[in-house]
Colleague: 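Handing you a structure now.
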Amino acid sequence: MSAVKTRFPPSPTGHLHLGGARTALFNWLFARHHQGSFVLRFEDTDRERSRQEYVDSIREALEWLGLEWDEGPYFQSERLDLYREYAHKLYQSGHAYYCECPPEELERKRKEALASGRKPGYDGTCREKDLGPGPGRVLRLRVPRPGVTVVEDLIRGAVSFDHSEIDDFILLRSDGSPTYHLAVVVDDLTMGITHVIRGDDHLSNTPKQLLLYRALEAPPPFFAHVPMILGPDGARLSKRHGARSVLEYREEGYLPQALRNYLVRLGWSWGDQEIFTLEEMIEKFDLSRINKAAARFDPEKLLAVNAYWLRATPTPELAEEVLPFLRKLGLPVPEDRRYLEEALETVKPRARTLLEAAEMLRFYLVEEIDYDPEAARKFLTPDIAPVLERLLEELSRVKFKDEPLERLFRGLAEETGLKLKKIAQPVRVALTGKTVSPGLFEIMRILGRERVLRRLRRALEFIRTR
RNA sequence: GGCCCCAUCGUCUAGCGGCCUAGGAUACUGGCCUCUCACGCCAGAGACCCGGGUUCGAGUCCCGGUGGGGCCGCCA
């Protein structure tokens, strides 16, 4: 297979969501795997709904995911003359004809047919009228009747459609603009697309496009219809679940490599392997391992994969990524990068997203920590005060390394006859304000003597005045 | 409603006629580790939609049913 060329053709009528992102990923991977090229094309022939804002956000999302395109972006709105040219060819060759049926009339017939249980398609009123172009007229494809068109799908095999199921669909609207089917075919043809990899919601559309290739006497590309991504409830993906923009996932602290990893495993597999680097995906990706059944989006698993990649990311790199989230939470960013990294190191195995990591870093960054009321009530009690007093003394002498600190605490536990836990929890609350946190000794080591002593004194003060 | 696609643990999936006593991941439960929570490790529970065939043998092939999804626009 030489000179593979794939494309991703979103219509800029919304943000890039999970389904689109996976389609883009599959196309990109297939192209990369075959050392081919990947084209970005905006299908913006619907002028009513297309927005520049979405063009920008889709580009941004693709870039964030690392799916760089080799060609484009192209805009269908800039290629209108080309579509008209092809439409004219179709009209000239008798493969298409003009239709003057008013839209309201068609709509009425459609509803009527649906209500009485018949096919809602166009009834062919103008098919033999031999009309020329004119105001208010649309151009329709003259679908050969009778006939059958077979889609040779790379994933599903041969799927045949009887032409009685395909109506004479519109190629050119009454305003002269092309509809989806015409534009896609002309674009894929003129851009030299070799493989069309898209959601299987397009499978039923494929015979229409095949008919166009045939009318144009042009060879069609290969088609591969991948199963759709459904919401956790099995219904079509909607805003509620995963149809959220991929940029929203970025905002929530997901890593692009995690999103890619999760998405590539939705419908594609390579034995038992769950974790893939970009290089592995490119090396291993192929159409034959794509599943046929629709997959449900599982936010929990996405979170798990994200947690994995968070842990797998080198701390200095992660520190860079967490910065925007610290700002978002209004936390002071320490000028000492080393301090941030050490703190992050302790939070890394506990966070599932960058946002969570940032939140967990809070007590390292603010000088005045807030006590969780419940935690303070339970652990900052008068009976522990003597121990904290004692600790204050010892801590001004001890070396602030994990081992000496741990030895100090264990010694103190033995001396007082208290369980280590009984001492650790109040100190944890004193230092972090919470009952859960990274390991106590590493926290102390990182915070440093000065901060630790200050927080312990404040805890004692709190106990006295409660 | 017509046509099309699909069907393995809750979810993502492995399986391409005997290797399946159906494997992995995630979620869940229990244990270990332990200063809390995670991480990590160990263990457990959990699926071949139903019914017919074909075959010595079916999760794997065929047919039907059921269920889910998609398409049927002057949207893409």
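Chain letters run A, B, ... following the sequence lines, proteins first, then strands; residues in each count from 1. For the numbers below, each heavy atom of this structure counts, side chains included, while hydrogens, waters and symmetry mates do not. Because the structure is predicted, anything quoted here is derived from the model rather than measured.
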Colleague: Base, sugar-phosphate alone, or nothing: which one does A/Ser164 contact when heavy atoms must sit under 4.0 Å apart?
Modeller: nothing

Colleague: Please give, in whole Å, the distance from B/rA76 C1' to A/Gln76 CD?
Modeller: 9 Å

Colleague: Regarding A/Arg410, tell me which of base, sugar-phosphate or nothing describes its non-hydrogen contacts under 4.0 Å with the strands shown.
Modeller: sugar-phosphate

Colleague: Among the nucleotides B/rC35, B/rA38, B/rU36, which one has an atom lying closest to any side-chain atom of A/Val436?
Modeller: B/rU36

Colleague: Run the salt-bridge test on A/Glu403 and A/Arg407 with the 4.0 Å N-O cut-off and return the result as yes or no.
Modeller: no

Colleague: Would you tell me if any nitrogen or oxygen in the side chain of A/Ser269 comes within less than 4.0 Å of OP1 or OP2 on B/rA14?
Modeller: yes

Colleague: Suppose we define a pair by two distances each less than 3.5 Å, Watson-Crick or G-U wobble; what does B/rG2 pair with here?
Modeller: B/rC71

Colleague: Below the 4.0 Å mark, does B/rG69 have OP1 or OP2 next to a side-chain nitrogen or oxygen of A/Arg236?
Modeller: no

Colleague: With both distances kept under 3.5 Å, what pairs with B/rU11, Watson-Crick or G-U wobble?
Modeller: B/rA25

Colleague: Please tabulate, for the side chains in residues 294-304 of chain A, all donor-acceptor contacts under 3.5 angstrom to protein atoms that are two or more places apart in sequence or on a different chain.
Modeller:
from: A/Arg296; atom 1: NH1; to: A/Pro232; atom 2: O; distance (Å): 3.2
from: A/Asp298; atom 1: OD1; to: A/Glu300; atom 2: N; distance (Å): 3.1
from: A/Lys301; atom 1: NZ; to: A/Glu274; atom 2: OE1; distance (Å): 3.4

Colleague: Against the six-membered ring of A/Tyr122, is A/Arg140 placed for a cation-pi contact (under 6.0 Å from the centre, within 45° of the normal)?
Modeller: yes

Colleague: Check every strand shown and say whether A/Arg49 touches a base, only sugar-phosphate, or nothing at a heavy-atom separation below 4.0 Å.
Modeller: base

Colleague: When you compare the protein's N or O atoms with those of nucleotides 4-6 of chain B, which come within less than 3.5 Å of each other, and at what distance?
Modeller:
from: B/rC5; atom 1: O2'; to: A/Arg156; atom 2: NH1; distance (Å): 2.4

Colleague: Parallel, tilted or perpendicular: which one describes the rings of A/His15 and A/Tyr54, with boundaries at 30° and 60°?
Modeller: perpendicular

Colleague: For A/Asn291 and A/Trp268, indicate whether the former's side chain and the latter's backbone hold a donor-acceptor pair under 3.5 Å.
Modeller: no

Colleague: Measure the acute angle between the ring planes of A/Tyr91 and A/His88, then classify it against the limits of 30° and 60° as parallel, tilted or perpendicular.
Modeller: tilted

Colleague: Judged by each residue's nearest nucleotide on RNA chain B, which is more toward the 5′ side, A/Trp270 or A/Ala304?
Modeller: A/Trp270

Colleague: Under 4.0 Å between a side-chain N or O of A/Arg352 and OP1 or OP2 of B/rC37?
Modeller: no

Colleague: Establish whether the base of B/rG24 is bridged to the side chain of A/Glu274 by a donor-acceptor pair shorter than 3.5 Å.
Modeller: yes

Colleague: At 4.0 Å (heavy atoms only), tell me whether A/Glu43 reaches a base, stays on the sugar-phosphate, or touches nothing.
Modeller: sugar-phosphate

Colleague: Nearest 0.5 Å please: distance from the CG atom of A/Leu211 over to the OG1 atom of A/Thr206.
Modeller: 11.5 Å

Colleague: Test for a donor-acceptor pair under 3.5 Å between the base of B/rC74 and the side chain of A/Ser174, counting only N and O atoms.
Modeller: yes

Colleague: Just call it for A/Asn205: base, sugar-phosphate, or nothing, with non-hydrogen atoms closer than 4.0 Å on any strand.
Modeller: base

Colleague: Taking the six-membered ring of A/Phe276, is the NZ or CZ of A/Arg265 close enough (under 6.0 Å from the centre) and on axis enough (within 45°)?
Modeller: no

Colleague: Which is true for A/Leu266 with a 4.0 Å heavy-atom rule: it touches a base, it touches only sugar-phosphate, or it touches nothing?
Modeller: sugar-phosphate

Colleague: What integer number of Å spans the P atoms of B/rA58 and B/rG51?
Modeller: 14 Å

Colleague: Kindly say if A/Arg311 contacts the phosphate of B/rG40, meaning a side-chain N or O under 4.0 Å from OP1 or OP2.
Modeller: yes

Colleague: Taking the C1' atom of each, how far is B/rG46 from B/rC28, in whole Å?
Modeller: 9 Å

Colleague: What is the pairing partner of B/rC49, taking Watson-Crick or G-U wobble pairs with both distances under 3.5 Å in any strand?
Modeller: B/rG65

Colleague: Across all strands, who's sitting opposite B/rG57 as a Watson-Crick or G-U wobble pair, both distances under 3.5 Å?
Modeller: none

Colleague: Give the rounded distance in Å between these two atoms: CD1 of A/Ile290 and P of B/rG15.
Modeller: 14 Å

Colleague: Picking from B/rC12, B/rG1, B/rG69, which would you name as closest to the side chain of A/Met228?
Modeller: B/rG69

Colleague: By nearest nucleotide on RNA chain B, pick out whichever of A/Asp298 and A/Arg289 is the more 5' one.
Modeller: A/Asp298

Colleague: Please state the P separation for the pair B/rU36 and B/rG31 - nearest whole angstrom.
Modeller: 14 Å

Colleague: In this structure, how many angstroms lie between the P atom of B/rA27 and the CG atom of A/Leu303, rounded?
Modeller: 9 Å

Colleague: Give one of base, sugar-phosphate or nothing for A/Cys99, where a contact means two heavy atoms less than 4.0 Å apart.
Modeller: nothing

Colleague: Which of the following nucleotides, B/rU36, B/rG24, B/rC74, is nearest to the side chain of A/Ile170?
Modeller: B/rC74

Colleague: Considering every strand and a 4.0 Å limit on heavy-atom distances, what is the contact class for A/Asp162: base, sugar-phosphate, or nothing?
Modeller: nothing

Colleague: Could you check whether any side-chain heavy atom of A/Glu345 comes within less than 4.5 Å of a side-chain heavy atom of A/Ile446, counting everything from C-beta outward?
Modeller: no

Colleague: Provide the Watson-Crick or G-U wobble partner of B/rG40, both distances under 3.5 Å; none if there is no partner.
Modeller: B/rC32

Colleague: For a quick check of understanding: with a heavy-atom distance under 4.0 Å over all strands, which category does A/Pro438 fall into, base, sugar-phosphate or nothing?
Modeller: base

Colleague: Does A/Lys422 NZ have over 12 foreign heavy atoms under 6.0 Å away?
Modeller: no

Colleague: Within the 4.0 Å heavy-atom criterion, would you say A/Gly199 contacts the bases, only the backbone, or no part of the nucleic acid?
Modeller: nothing

Colleague: Could you check whether A/His202 gets within reach of a base, just the sugar-phosphate, or nothing at all, counting any heavy atom under 4.0 Å?
Modeller: base

Colleague: Quick check for you: among B/rG1, B/rC74, B/rC12, whose closest atom lies nearest to any side-chain atom of A/Pro120?
Modeller: B/rG1

Colleague: Would you indicate what A/Arg296 reaches in the nucleic acid, counting non-hydrogen atoms under 4.0 angstrom: base, sugar-phosphate, or nothing?
Modeller: sugar-phosphate

